[in-house]
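Here is how names work: the chains are called A, B, and so on, in the same order as the sequence lines, proteins then strands, and each is numbered from 1. Atom set for the values below is all heavy atoms of this structure, side chains included, hydrogens, waters and symmetry mates excluded.
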Amino acid sequence: MIRYIIRRLLISIPILLIGSFLAYLMVASAGNPLAEYRAQPNVTEEMVRSLEISLGLDKPVIERYWIWLTDFLSGDWGESIALGQASVEVFDSVMRSLWITFRLVIGAELLAILLGVSVGVLAAVKQYSIFDYFATSAAFLMFSMPVFCVAVILKTYGIEFNNVLNSMGMERWLSTVSPATTGYEGGFIDVLYQYTGQYTLPTITLALISFAAYSRFQRASMLETLHSDYVRTAKAKGLSQRRVILRHAFRNAMIPVTTLFSINFAIVFTGAIVTETVFGWRGMGFLLVSSVRQFDPNMLMGWLMVTATMVIIFNLVADIMYGVLDPRIRLA
Amino acid sequence: MLLTANQPGPPIGTASEFDASKARKQSTLIRQRFFRHKLAVTSLIVFLLIVAFGMIGPLFWGISVDDSSGGRFEPPSAEHPLGTNQIGKDMLAQLMRGTRLSVQIALTVAVLATLVGVTLGALAGYLRGFVDTAISRVIDLMLIIPAIAVAGILVKAFSGSWYVVALVLASFGWMSIARITRGETLSLSQREFIEAASASGATTRWVIFRHLVPNMVGSITVNATLAIALAVLSEAALSFIGLGVQIPDTSLGLIISENYAQITTRPWLFWGPFVVIVALSLCVNFIGDGLRDAFDPRQTKVRA
Amino acid sequence: MSIKKSTLSAFAAVVGTSLVLSACGGSNGDGGNGSTDGTTDIKSMATAKGQSGDEYTSPDVEQGTQEIKVSTDNPFTAYNNAAADANNSYNSFALTMVLSGAYKLDGNDNVLLNKDVMESVELTNKDPQVVTWNIKPGVTWSDGEAWDCDDFHLAWLSQTGKVKEGDADIFTAAGTTGYDVLEKLECPTPTQVVTTFSETFPDYKSLFGISLDILPAHILEQETGIADITKLTPTSDIAELKKVADFWKTKWNGFDAKLMPSSAQYKITAFEQNNSVTLERNEKFAGKPGGPAKIVLRGIADQVAQAQALENGELVVNSMAQPDANAAERLRNLSAQGVTFGATAGLTFEHFDLNVENKWLKDQAVRKAFMQCVNRDELVEKLVRPVLEDAQPKGSLIFFQGEDGYTDNYAQYTGDANAAKATLEGAGYTIGPDGFATKNGEKVSLKIAHTDIPRRKQTVELVQSHCKPAGIEIIDDTDPNFLDTRVSQGDYDIALFAWSSAPFKSGQKSIYSTGGGQNWSNWSNKEVDAALADATTNLDEAAATAAYAKADAILAEENYSLPLFPLPRMWAFKGVDKVFFQSYYGTLWNANEWVVS
């Protein structure tokens with residue numbers, strides 16, 4: 001097992017290297033971050049040149065990548081070279097954004113798994129019931145809506161909801177933009193009120209999308225196990241329906257969902273980018289889009305290293321969990 | 001229509017496995033099963049109507065998509081049933097063009113991603129060894145490169161035309177299809193008819209396209225369908241963050257992102273394209289579901 | 001969706017940097033461009049409570065106890081906004097209340113002497129030009145150290161552009177105008193600064209403060225171990241200078257309370273990168289304190305999201321340098337809830353530069369025909385009026401509407417395709433069967449090059465439809481890297497971009513005179529050269545204005561460049577008595593006068 005993990009991680013290193021090289025090359029050769037500087041009044045070519053030298057932009061792209069790589073390997077993630085970004089530290093920016101996105105995603109995923117799995121199991125057990133049809137339609141609808149539309153609709157009606165609360169003499173609850181620095185005030189209830197208000201809308205947006213995938217997946221896999229021989233045997237032995245479902249079917253039906261959690265990661269992340277944009281959170285999505293738009297390869301590299309590592313780890317975890325939950329699968 | 005490729009391979013003596021008449025019966029069966037699925041059939045009809053709206057609609061609609069002579073943000077009227085946008089273009093004409101380009105993008109993505117995914121997946125599963133390792137590593141690599149970064153760069157470098165967006169989405173859409181195909185190929189390759197084919201000296205290409213692909217046509221079709229739905233939504237998301245289709249081209253995603261702020265003030269500008277995009281991807285998802293039922297894996301398992 | 005507009009994009013009109021003040025002072029209004037919701041007089045809010053004549057003194061205003069939240073497009077990034085890699089207008093939006101200078105601007109861009117910290121500024125000699133700056137005694141930074149001559153010295157040293165290693169300026173200042181002709185700076189007493197210029201520089205009021213460039217020299221001395229910064233000149237030991245440059249460029253980024261004291265009404269007390277900066281009243285401020293106790297300034301990229309947050313009560317002030325029609329409309333509709341919306345023309349304007357080296361455009365008839373066919377009023381109607389209802393096309397390259405010296409030199413260009421066609425035919429062009437003008441069998445076809453901002457694409461789309469009936473084919477040449485190398489090499493037929501210039505006029509010289517640094521299509525006209533040379537060195541305000549106006553008129557006659565419209569800026573607020581979006585400093589420029597209800 002440990003050898004397996006080590007081997008998988010070792011294989012990932014060259015992939016990370018190639019991936020970072022390609023991404024760096026693309027962003028660095030796509031455009032010059034200082035282009036807009038020229039259109040400012042009284043800026044001479046000489047000034048543009050000085051700034052290029054100061055930011056290291058006068059060197060060839062390959063050399064810049066090499067400098068980045070050696071610095072990175074020695075623990076220095078470098079600084080942003082986007083105009084107006086004041087040479088911001090990449091490591092700080094990435095970690096800060098990651099934390100913002102993490103807070104957003106984790107709640108949404110937990111909610112989605114919890115809801116998705118229970119709805120999926122129920123829909124499978126009561127196949128072709130009204131509940132099943134309802135759950136199926138809801139899931140298909142969620143599947144088919146662009147994330148940002150969900151976000152926009154929720155936000156618009158969230159404000160209306162607040163107006164209703166206000167008219168009933170209560171404080172406005174739902175927040176439409178990310179929290180600012182100034183923490184929370186008041187007692188526990190007040191803090192809870194403010195905290196949930198800030199997270200509710202973006203969390204629901206993200207959760208709805210994942211919920212659809214989880215419930216469909218859980219339903220399909222539950223149906224399959226319910227029709228399998230061992231469940232039939234268990235039923236034939238005279239075990240109670242409840243026991244059959246919980247002890248025998250449910251456990252095995254969970255296997256595909258655990259892998260989905262890891263694979264779903266990428267989808268959730270894309271969803272997070274859009275959700276962050278609508279709700280004005282400056283998380284990983286914002287960082288990615290802005291580093292691409294401002295031709296900032298250094299910032300992109302920091303982003304890439306973190307997310308790529310997560311992709312690799314999640315894939316590995318998925319495979320390991322698969323093995324743990326289903327002894328028939330051997331890791332080699 | 002779906003199994004026409006499933007002809008017996010002339011140089012190989014596996015005709016009994018792939019009896020032509022039996023295969024045709026198989027395809028008839030699948031077609032029958034699909035058409036019994038009411039929801040899927042309805043969806044197919046709606047899907048075709050939406051496609052017709054985008055492709056043929058402009059022929060019957062008098063106002064050109066490039067005509068900016070209208071006033072800004074005119075409300076719906078007989079002349080402009082969906083009003084006009086900020087620079088005075090007719091929204092209905094925009095919506096038709098957007099629908100057409102979104103459908104074009106989605107279909108292109110599905111075709112390209114399926115072609116690449118199936119070919120590479122089958123190669124990896126059939127040849128194994130070095131080829132398998134190489135392809136698997138390429139998949140790993142593609143999974144860590146952010147599609148948005150590539151999209152942003154290509155769209156900036158080569159304009160935001162619909163085909164650029166389609167190419168970007170296709171180049172990041174084939175990996176899951178390749179993985180599924182690889183898995184199926186691995187198990188199919190154990191079967192006698194494949195072993196017989198390769199033993200009798202059939203080329204790799206022959207084995208893959210004459211033997212493997214026809215046997216995986218079910219999962220390939222279903223995955224291709226789902227790729228369409230995914231592409232519609234991915235295009236919308238890309239256009240929303242400004243890294244997708246760019247004006248003067250347009251797409252459903254771009255139209256919605258230009259007008260989402262009007263959701264309360266001029267609801268028609270938001271809900272019009274919203275309904276089309278949801279209907280489009282909903283239909284494709286239902287069609288995919290119908291196809292999956294038609295190609296019921298249990299049935300194929302019995303046969304394979 | 002703002003995120004798709006490049007964050008720096010057209011509003012590269014970065015404050016501070018190369019700001020050059022016109023000697024003729026500010027304009028007297030935005031040319032009737034103040035937009036109101038009908039009940040509140042937005043225009044009057046451009047005048048600060050504490051200004052009288054050419055001077056500003058912080059007035060007596062109730063010291064509020066509230067904490068208020070203000071938003072703008074992008075977050076604060078750096079304390080030193082004079083460094084080129086940090087420089088962006090959004091830093092000034094916070095720093096305007098943190099760093100004092102000799103002069104400041106009101107909402108109409110009038111130049112006001114900052115009497116909170118200055119006694120006087122005198123032009124003591126004309127040839128060579130000598131200016132003496134007298135600082136009010138006892139003015140300190142919020143850490144208690146004196147705000148005096150050594151801070152002025154650092155501002156000069158860092159921005160002369162003459163501290164070089166090899167060819168490169170080691171400070172990489174965002175702008176050097178004015179400081180580059182400031183030959184000598186002396187400190188006879190700590191509160192007196194005497195500056196001697198090598199060339200006449202009428203815009204001297206733009207130096208030392210307007211661009212928020214007076215930074216705490218004592219902190220730099222402590223941190224770098226340099227005993228006395230005033231002993232260093234551009235020709236001093238390069239090793240010492242590099243220590244200074246290094247600190248100046250890199251250590252005043254982001255926020256560190258120890259390194260970044262305040263010399264104005266507010267001090268920075270908290271900073272969350274990429275999100276917000278918190279300002280609190282500075283008890284050590286030399287002038288009268290006032291305004292809300294605490295201001296949180298945050299960056300929200302999407303204008304509609306800003307508007308919705310204001311609607312939802314999460315903010316009290318929005319300020320958007322990037323105009324957005326959707327957000328403007330939303331905010332206007334909120335007037336019933338007590339939200340006041342304002343928009344005025346900014347100091348950045350879109351224009352078409354016609355490359356006179358192009359084979360068609362070297363013929364003035366084609367240039368004229370192009371200008372005749374473009375319907376600028378329709379462009380304004382569809383692209384600007386959704387934000388600024390009474391916007392008008394701009395009729396001058398050098399002046400803004402409402403400024404002294406403004407005349408509409410382009411009034412004849414109203415989008416008349418027939419007139420354009422007649423012009424072409426009069427010059428020997430024939431209209432071919434496809435409707436396009438030809439000469440010697442070749443079709444007149446022009447490419448409009450621009451960066452990929454949606455507004456510019458829409459502009460080109462509209463111009464295509466305007467000029468087609470005139471027989472001129474217009475091709476869209478979108479290139480995200482257009483401003484990188486192509487524009488400076490003159491690689492375009494027609495360039496569409498924005499200049500951020502006035503009311504500071506001397507920058508015009510590099511754009512319109514022969515051999516100028518930003519004259520990319522090698523335009524040359526001796527009369528314009530002479531007029532601009534006169535204007536930029538004339539200490540007599542009226543004469544300078546006349547010279548600029550003369551250059552402006554000749555440029556129009558020659559059909560070199562077609563101004564389109566100034567980009568509007570917009571803002572909205574609720575529960576504050578008087579908020580105006582100052583073109584360089586954002587909404588907080590007079591936050592010390594705000595009374596929050």
Using non-hydrogen atoms and a 4.5 Å limit, figure out which bit of A:Leu22 sits close to chain B: side chain, backbone, both or neither. side chain
Scan the side chains in residues 271-286 of chain B for donor-acceptor partners under 3.5 Å anywhere in the protein, sequence neighbours excluded, and list what turns up.
from, atom 1, to, atom 2, distance (Å)
B:Ser281, OG, A:Ser144, O, 2.8
B:Asn285, ND2, A:Ser144, OG, 3.2
B:Asn285, ND2, B:Ser281, O, 3.2

So which bits of residues 222-235 of chain B come within less than 4.5 Å of chain A, counting non-hydrogen atoms only? B:Leu233
For residues B:Ile256 and A:Val152, determine if any side-chain heavy atom of one lies less than 4.5 Å from a side-chain heavy atom of the other. no
With a 4.5 Å limit on heavy-atom distance, are the side chains of A:Arg216 and B:Asp289 in contact? yes
Salt bridge (charged side-chain N to carboxylate O under 4.0 Å, His left out) pairs touching residues 137-148 of chain A, sequence neighbours excluded, are none
Heavy atoms from other residues, nucleotides or ligands near CD1 of A:Ile130 exceed 12 (cutoff 6.0 Å): no
Go through B:Tyr260 and A:Thr156 one step at a time and tell me if the side-chain contact (heavy atoms from CB on, under 4.5 Å) criterion holds. CA-CA 10 Å; B:Tyr260 79 93; A:Thr156 306; over 6 Å; no
With A:Ile15, the side-chain contact (heavy atoms from CB on, under 4.5 Å) member among B:Leu143, B:Val138, B:Asp140: B:Asp140
Closest approach of B:Ala236 and A:Phe148, non-hydrogen atoms and distance? O-CE2, 3.4 Å
Working to the nearest 0.5 Å, report the span between CE of A:Met305 and CD1 of B:Ile144. 6.5 Å
Tell me if the OH atom of B:Tyr163 is crowded by more than 12 foreign heavy atoms within 6.0 Å. no
What pair of heavy atoms forms the shortest contact from A:Val274 to B:Ala237, and how long is it? CG2-CB, 4.0 Å
Gap separating the CG atom of A:Leu304 from the CD1 atom of B:Ile145, nearest 0.5 angstrom: 7.5 Å
Can I get a per-line list of side-chain donor-acceptor pairs under 3.5 Å for residues 240-247 of chain B, giving both atom names and the distance, sequence neighbours left out?
from, atom 1, to, atom 2, distance (Å)
B:Gln246, OE1, C:Lys457, NZ, 3.1
B:Gln246, NE2, B:Gly242, O, 3.1
B:Gln246, NE2, B:Gly244, O, 3.2

